[in-house]
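Input: a single structure, listed below in structure tokens.
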Amino acid sequence: MALNSRTPAGFVLCLCLGLFCAFSAHSVSLDGKWSLRNSDGSVAGSGSVPGCVHSALQQLGYIQDPYFRFNDVAYRWIAFDNWTYTTTFNTSEQLRSKQKVVLVLDGVDTVASVQLNGFTLGGTDNMFRSYAFSVRPLLKEAENVLSISLASPVLYASQRRKAHSAYPVPPECPPDVQNGQCHVNFIRKEQSSFSWDWGPSFPTLGLWRGVHLEAFDVLQLIQVSSVPLFGTSSITTSHVHIRLLDGLVSVSIPELFSDQTYQSGAVGGSTPVHSQGPFGLGGFFILCSFFVHGGFYTLWSLYLVQVYFRTVELVQEPVPGSPGLSFFFRINSKPVFLKGSNWIPAHAFQDQVTPDILLNLLHSAADANMNALRVWGGGVYEQDQFYDLCDHMGIMVWQDFMFACAMYPTEADFIQTVRSEVIQQVQRLKSHPSIIIWSGNNENEAALATNWFDIPESHRATYVKDYVTLYVENIRALVQQEDPSRPFLVSSPTNGAESEREGWVASNPYDPHFGDTHFYSYEDDCWDWSTFPRTRFASEFGFQSWPSFSTLKTVSVDDDWSYDSNFSSHRQHHEHGNQQMLRQAALHFHLPNSTDALKRFTHTLYMTQVMQAQCVKAQTEFYRRSQTEIIDGKGRTMGALYWQLNDIWPAPSWSSIEFGGKWKMLHYFAQDFFAAVLPVGFEDDGTLLIYAVSDLSPDLTLRAVVRVQLSTKPATTSESLAVVVLKQEVAALLAGCGRCTRLSCLLTFHLEDGTGVQRGPSNYHFLCSPKDAEGLRKANITAKVQEDESGFSVTLRSDAVAPFVWLDVGNIAGRFSSNGFLMVSADRTVGFTPWRPTSVSQLSTSLSVTSLRDVY
Ligand code: BMA
């Protein structure tokens, strides 16, 4: 599916096949099985490249599943040791006859010394960049020995911290509850690998990307990439960047009648070549041919470049009736409300993130009507396939640079390696139209502004200076030079232009009048929309829940299956997280009280998912309905990216998808609350309001149909994209329908267009907390699984109204067409799409149906 097909009308095609060509006469992969040993040789065997030590040790049988029970702590020793990967290879005559041979390491995690045939080629210190070493004179025909010795990342980080004696660079360590390691900000590696508030501490070591030799005579074509550059007029140009080491290059793009010749830099340097052409709107293929002269050599190569067209602007301008500045994305001249969530690494061991896992997660995002994901700055720059899929599925990407929740050092070597990282990553990724913004870091402006680390006032200037040096003078400057086609934001959350005006660190980066906000409140009642900030753009907000029992079962034993077990506490990396979930749930629900311990545990898992789904629904609906309003000078919210889409391991977290891909209740809810057309109902001081929210071209005339049953006057969404379609006092509404009271009735509603056709999903509004509801009785729900040409279906029959009806088929992978729903009619049929072959009998045996009254 192309990007335009999921986004609002007018979002013009933007497609690109990123081309990152390693052009050479000869390329030899050294991937495969290497030998691996620890520092004293007591642990040895083979390990895959790409891969990491933890994965190799598990495959070799030295360790069990690292995610099992307390193994994150048990296997700490791995990251305190040094490890050496070695391979032996032969080279062909053809390879050795070339004038240059380069050893390319696409990704080393992280600090390593690289040796070939006993000769040290150099070192590495950054997981996020590739390294190339010239090796031609060292190569033999047979028995070449390549060794890569990796230093303990934990000890390296600690040494770097010690060497930085002038002043601390906080935080020193993560909170104890995370069982993590210290000083991760001193090493350029996945920041969450030393632990996070949703993730384990597995400081990985390895060759996490490929290794190969590249041989050539005169030139090496490193990369072809393309970004569209748009002038002030409607004429557009696209730049094709070709980097080569030597010679003349002639670039011809026949479709553009463009034919130009450029002189490249000297060997060792590289030159970007710009080819410009007046492109019209629309997507089409361009054939580029490179004709290169160098000495006696002439090389031809043909590339098929798919060039895309889309503009992106981050609009920060005065808003009538509101102090501050707007903050929204204008894509192809249309304001677009970003709906989505935040992406974290899909596995602690990146070599285990398979194409299937990526595909499944991104499909899940798109199927929940998300149009955007933020690749959060404490993880990794994702693999190419991630961005390819986003390009094709219509998912816009907010791309952070990998700095999070910390101060960072600014020594020359640190800055230098970050500069290489930034250049390489921007060059690799900039051809992807899905990326709509670069952002310098996660929460580091906020950390400085609101003094998370208790930095004395007298030292503050030093940290602000370091902040500006790293993110503004280096990263921002490089990004703007490499990719002028996209906006760059220094941090998230930030006040954007206002932060810049205040010297890049605003006094309050959470100011709802500017930029984006992150907002978490676990103690406030999440059903009370007045507690949410009426922000311009909500880039993070969320609530935790536990994954399902079938997911936890794979990493635990019977002893662990209670909410206050050591295991349940150990998995919870967010201080007081387990208690917070129950407190929030108890505001509106009776907590599970079964005398059967296992039931009480599984019901509690269910309850946390109900709470999370309902909380994030309330908050997201608030943001979506706030997109056109200014109230008390605040509003025009143009984005809702909840925290967080996916999980790194089976544990409680803010995610809507469990490790393994199973949808939590929240993800089913997201399908509805991110629907293109959505009715949102809420109360304001005793008055019920129903808004019609629409992402579609603004010409819908909609009325709300409310049960108990009321048909409203139609309203048109042509002036704004969130309009009030009903406003009525709840008391009057109840009076109009006989015996209804707040305690005995609830409201369901949907939108209909002029022809009486329902638009968007149905929605509901509770007039009281379910724990206070009268007449809500245990529903007896029967379920029948069937199979037909379109797949499996489950037909439910209930003898009572049942909130939060939850279908679970244990470890049978797949998903339902909807789940966690309010059952107000006696019958309902939902589909089930399995991800692996299954049968009616397997599904029937595994199926459990839980609804709210089952748990107390
Ligand atoms: C935000 C994120 C993450 C964190 C999440 C939940 O601050 O940026 O650092 O995991 O909150 O606490």
Side-chain angles (χ1 to χ4, degrees), residues 170-171 173-180 184-185 190-201 340-346 348 372-380 398-408 439-453 471 489-494 508-510 515-524 526 532-533 535 537-547 571-581 584 608 612 615-616 619 639-649 651-657 659 664 666:
C173 296
D176 292 346
V177 68
Q178 290 178 16
N179 307 307
V184 71
N185 46 348
E190 178 188 324
Q191 298 290 283
S192 60
S193 68
F194 277 36
S195 82
W196 212 261
D197 60 3
W198 36 256
S201 173
S341 55
N342 284 266
W343 172 272
I344 63 158
L373 290 175
R374 168 169 172 251
V375 176
W376 167 77
V380 298
W398 171 314
Q399 179 67 48
D400 278 2
F401 285 88
M402 296 299 135
F403 301 86
C405 303
M407 304 291 99
Y408 284 85
S439 175
N441 66 69
N442 174 72
E443 299 187 339
N444 298 350
E445 179 185 345
L448 249 182
T450 58
N451 205 6
W452 291 5
F453 306 123
Y471 303 111
L489 209 57
V490 177
S491 188
S492 173
T494 181
N508 173 23
Y510 297 100
D516 65 328
T517 56
H518 296 185
F519 178 78
Y520 296 92
S521 168
Y522 306 113
E523 304 302 332
D524 288 335
C526 77
F532 306 137
T535 170
F537 193 106
S539 47
E540 277 192 26
F541 57 98
F543 293 83
Q544 281 201 327
S545 71
W546 275 80
R571 287 276 146 162
Q572 175 55 269
H573 280 196
H574 166 61
E575 193 101 54
H576 309 305
N578 289 348
Q579 295 78 359
Q580 281 167 353
M581 280 184 263
Q584 182 61 242
T608 65
Q612 179 198 32
C615 286
V616 178
Q619 202 165 348
L641 308 179
Y642 67 75
W643 185 267
Q644 68 201 62
L645 179 74
N646 55 322
D647 261 340
I648 197 167
W649 74 331
S653 85
W654 294 257
S655 77
S656 61
I657 303 178
F659 181 78
K664 287 179 173 175
L666 170 58

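What you see below is based on every heavy atom in this structure, not just the backbone, and it leaves out hydrogens, waters and symmetry mates. Atoms within a ligand are numbered from 1 in the order they appear, just like the ligands themselves.
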Under 6.0 Å between the ring centres of H573 and W649? yes
My understanding is that only one of L373, N442, L641 makes a side-chain contact (heavy atoms from CB on, under 4.5 Å) with N342; could you say which? L641
Between W198 and W376, does the ring centroid distance fall short of 6.0 Å? yes
Tell me whether the centres of the aromatic rings in F403 and Y408 are closer together than 6.0 Å. yes
Nearest protein heavy-atom contact for atom 1 (C) of ligand 1: which residue, which atom, what distance? E540 OE1, 2.6 Å
Could you tell me, atom by atom, which parts of ligand 1 come under 4.0 Å of a heavy atom of C405? 9 (O)
Step through it carefully: locate the ring centre of H574, locate the ring centre of Y522, and say whether they are under 6.0 Å apart. yes
Can you name the atoms of ligand 1, numbered from 1 with element, that are less than 4.0 Å from a heavy atom of W198? 10 (O)
If you measure from each heavy atom of A404 to ligand 1, is any distance below 4.0 Å? no
Give me the residue, atom name and distance of the protein heavy atom closest to atom 7 (O) of ligand 1. E443 OE2, 2.5 Å
Looking only at distances, can you tell me whether any N or O atom of Y522, backbone or side chain, sits closer than 3.5 Å to an N or O atom of ligand 1? no
Around atom 9 (O) of ligand 1, find the nearest protein heavy atom and jot down its residue, atom name and distance. W196 NE1, 3.0 Å
Please confirm whether the ring centroid of H518 lies under 6.0 Å from the ring centroid of W643. no
For N442, the ligand 1 atoms with a heavy-atom partner under 4.0 Å come out as 8 (O), 9 (O)
Counting non-hydrogen protein atoms only, what is the nearest one to atom 10 (O) of ligand 1? Give residue, atom name and distance. D197 OD1, 2.6 Å
Distance to 0.1 Å, residue and atom name: give those for the protein heavy atom nearest to atom 11 (O) of ligand 1. Y520 OH, 3.2 Å
Is the ring centre of W398 less than 6.0 Å from the ring centre of W343? no
